[in-house]
Amino acid sequence: MHILCVAEKPSIASSVARTLSGGNSRTRQVKGKAGRFARNIDFTFDFPEFGRCDVTMTSVAGHVTNIDFPDQYSWGHCNPEALFDAPTIIKVGNPVIADNITKEAQNCDLLMIWTDCDREGEYIGWEIVQQASIRNRGMTLESAYRARFSHLERSHVIYAAKHPVRLDKKAIEAVKTRMELDLRTGACLTRFLTGLFGRVLDKGSPMVSYGGCQFPTLGFVVDRYKRIKMFKKEPFWQISLAFKKKQKQCLMTWERGHLFDRLVTVCIYQNCLKLEPESATVIGVDTKPTSNWAPLPLTTVEMQKDCGRFFKLTAKDTLSAAETLYTKGFISYPRTETDTFPKAMDLRKLVEKQVESSKWGAYARSLLDDTGNFRQPRTGKHSDEAHPPIHPIILAGEQASLTSVQKTVYEYVVRRFLACCSPDAKGLKSSIRVKWGTEVFRAAGLVVTSNGYLEIFIYSKWKSSRTSLPEVELNERVKLCKVLVTEGSTEPPKKLTETELIALMDANGIGTDATIAEHIDKIKSRNYVIMQKTSEGRSKTSVIVPTELGYGLVEGFNRLGLIKISLTKPFLRRMLETKLKYICEGQVSRKDVLAETISLYREAYTLMTRQQSLLLQSYKEAIRTND
DNA sequence: GCAAGGTC
């Protein structure tokens, strides 16, 4: 018996083959430039159900095909509205990879799918079956096996090979639905908007596109911008108090925070001053141990957020650096939502790979020696059922040929990994509460007693307070050295950083770990938003603000009078995700979800065509207000 | 020339 195994990407094919073959295999390179990543690896393996088999392990590279419209529906050849129910066709993306599957399947008796264990992976499995069936009629969805694995640990992979299941037809249906809806709604609205705005935009401007992910992403940017623009400062008043003990001054903050009424604040102040002109009473002294937890195992989104914060890298640059590090074998697969390491994974062995480093080798050694500093990382709540958290594989020495950005990202991945295998940082949190007249004031201090993971995770700061609190006792009378009413005012929200935008998209389910960076990049390249340097606070940061076009688009869409749902808010995408989940669970049919969603977009499209001038007007107004 | 999702 000859079995063809197909993984979602070459790296998985290689490591699965390495495990199953026990090192005894032959590799045939796929011919052609476009196939330089695909390899066919031959070996034998003992399957309980089929006995000793010849195995060919190969891979695709993500999706094999893409959905599109036939030529007669190409841009300019039909009314955009026709795309809501135009026929669709399936096109092969990379013929070399697709043909390789067809050829290899020709000589095989069975097909076993080794794609990632997620929704898209099931669909890619179906695409592989299609390619395999072209010259081998025995290859069908029903006869194909599917290996279920969520990481590449040896025993797990062997178990997956020995206990295959079938492809999940419902998940395949769900992905089909997503693809079709994204294409129909995206192409239709994009053609309409580009046509409409072509009347007012300069020649050579980028097209005006709509996409179910790009618009909510733009919506987040505009939303923050508007909140800042609409912000009105409000003055407030507060009572500041300080007492002195043994030359030590202790500044306290009012428990009420601040009041928006000056007169009331002054009355309270004067009343207290009358009651206790010179001193206050300590009503609470407290010192408690506190911890600053070591970080969770690393996901893509966290990596992008951190690299934005610490190194001012864009999400796209971070991911692209991580991809290079991955293909060079320095770090694990960089697109993952999983924040828990599999129990069986030997993390100490990975730490050991870092001991030769001149920068962090000593720390890595200290984790492994007898002091017992190594900690099993915390377990998070997320899993994509496909990849482990991002971690270093081998040490990239100083001489490794990497760009400076790649070096930065690599160092970050290593330090983060070592940090999550480290003890928490520990400290003592102390607080003092005093009562002055009718009012209560408090001060807090921190003494860090053990740096823990912060030794290696140098990007995070957690430091002892600059001045320690004076030693006082309960009920002690302390002498006031300062009491006064001070005025302040509310501050507008801060401008949106890319790190915050990633967090918003992640929390609202806009895009995936692999695509969030692309969506942000898209709204930049469409000239909906621009990056702006500001020096808010101490450090220079880069923030995202909408252009007149971006602002006008969101405003225009909001004015259309869409009653059921907004196209610039995240809810529609989240609703689609929910419905796709229902398809996976068999609660609704693909047909129903298609019909419901398309009817919603038809309504939006009708409103847009009826109010074209309104859409353009919002853009023109945005320009006028800016002048 | 459109989308979003995989991946190199």
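Labels below follow one simple rule: chain letters A, B, ... track the order of the sequence lines, proteins then strands, and each chain is numbered from 1.
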task: Look at the aromatic rings of A:His156 and A:His151 and report parallel, tilted or perpendicular, splitting at 30° and 60°.
output: parallel

query: Of the nucleotides B:dT7, B:dC2, B:dC8, which one has an atom closest to the side chain of A:Arg526?
result: B:dC2

- request: For the side chain of A:Thr190, starting at C-beta, report the closest nucleotide among B:dT7, B:dG5, B:dA3.
  value: B:dA3

query: A:Asn94 has a side chain; which of B:dA3, B:dG5, B:dC8 sits nearest to it?
result: B:dC8

- request: By nearest nucleotide on DNA chain B, pick out whichever of A:Glu8 and A:Lys522 is the more 5' one.
  value: A:Lys522

task: Select base, sugar-phosphate, or nothing to describe what A:Asp118 touches, counting heavy atoms under 4.0 Å on all strands.
output: nothing

task: Using only heavy-atom distances, determine whether the side chains of A:Glu180 and A:Thr88 contain a donor-acceptor pair under 3.5 Å.
output: no

- request: Mind calculating the distance between NE2 (A:His519) and C1' (B:dG6) to the nearest angstrom?
  value: 12 Å

- prompt: In whole angstrom, what separates A:Glu518's CD from B:dA4's C1'?
  reply: 8 Å

- line: Here the distance between atom C1' of B:dC8 and atom NZ of A:Lys328, to the nearest Å, is 14 Å

field: Length of the line joining A:Glu120:CD and B:dT7:C1', which is rounded to integer Å
entry: 12 Å

Among B:dG1, B:dG5, B:dC8, the nucleotide that comes nearest once only the side chain of A:Tyr333 is considered: B:dC8

message: For a quick check of understanding: with a heavy-atom distance under 4.0 Å over all strands, which category does A:Arg184 fall into, base, sugar-phosphate or nothing?
response: nothing

Closest listed nucleotide, where the reference is the side chain of A:Tyr326 and the choices are B:dG6, B:dC2, B:dC8: B:dC8

- prompt: Which nucleotide in the set B:dC8, B:dG6, B:dA4 lies at the smallest distance from any side-chain heavy atom of A:Thr327?
  reply: B:dC8

- prompt: B:dA4 C1' sits how many Å from A:Ile520 CD1, rounded?
  reply: 15 Å

Any donor-acceptor N or O pair under 3.5 Å, side chains A:Thr314, A:Asp317: yes

query: Starting at CG of A:Leu594 and ending at P of B:dA3, how long is that distance when rounded to a whole Å?
result: 19 Å

- prompt: Is the charged tip of A:Arg166 near the ring of A:Tyr145: under 6.0 Å from the six-membered ring centre and within 45° of its axis?
  reply: yes

message: Whether the side chain of A:Asp182 and the base of B:dC2 hold a donor-acceptor pair under 3.5 Å is what I'd like checked.
response: no

field: Crowding at CZ, A:Arg28 (>12 non-hydrogen neighbours, <6.0 Å)
entry: yes

- prompt: How long is the line joining OH of A:Tyr210 and P of B:dA4, in whole Å?
  reply: 8 Å

message: On DNA chain B, does the nearest nucleotide to A:Gly76 precede the nearest nucleotide to A:Thr65 from the 5' side, or the other way round? Give the residue.
response: A:Gly76

- prompt: A:Arg335 side chain: which of B:dC2, B:dT7, B:dG6 is closest?
  reply: B:dT7

- prompt: Of all the nucleotides listed (B:dT7, B:dC2, B:dA4), which has the minimum atom distance to the side chain of A:Ser209?
  reply: B:dC2

query: Rounded to whole angstrom units, what separation is found between the CH2 atom of A:Trp126 and the C1' atom of B:dG6?
result: 15 Å

query: Between the side chains of A:Glu127 and A:Thr65, is a donor N or O closer than 3.5 angstrom to an acceptor N or O?
result: yes

- prompt: Counting side-chain heavy atoms from CB outward, which of B:dC8, B:dC2, B:dA4 is closest to A:Glu323?
  reply: B:dC8

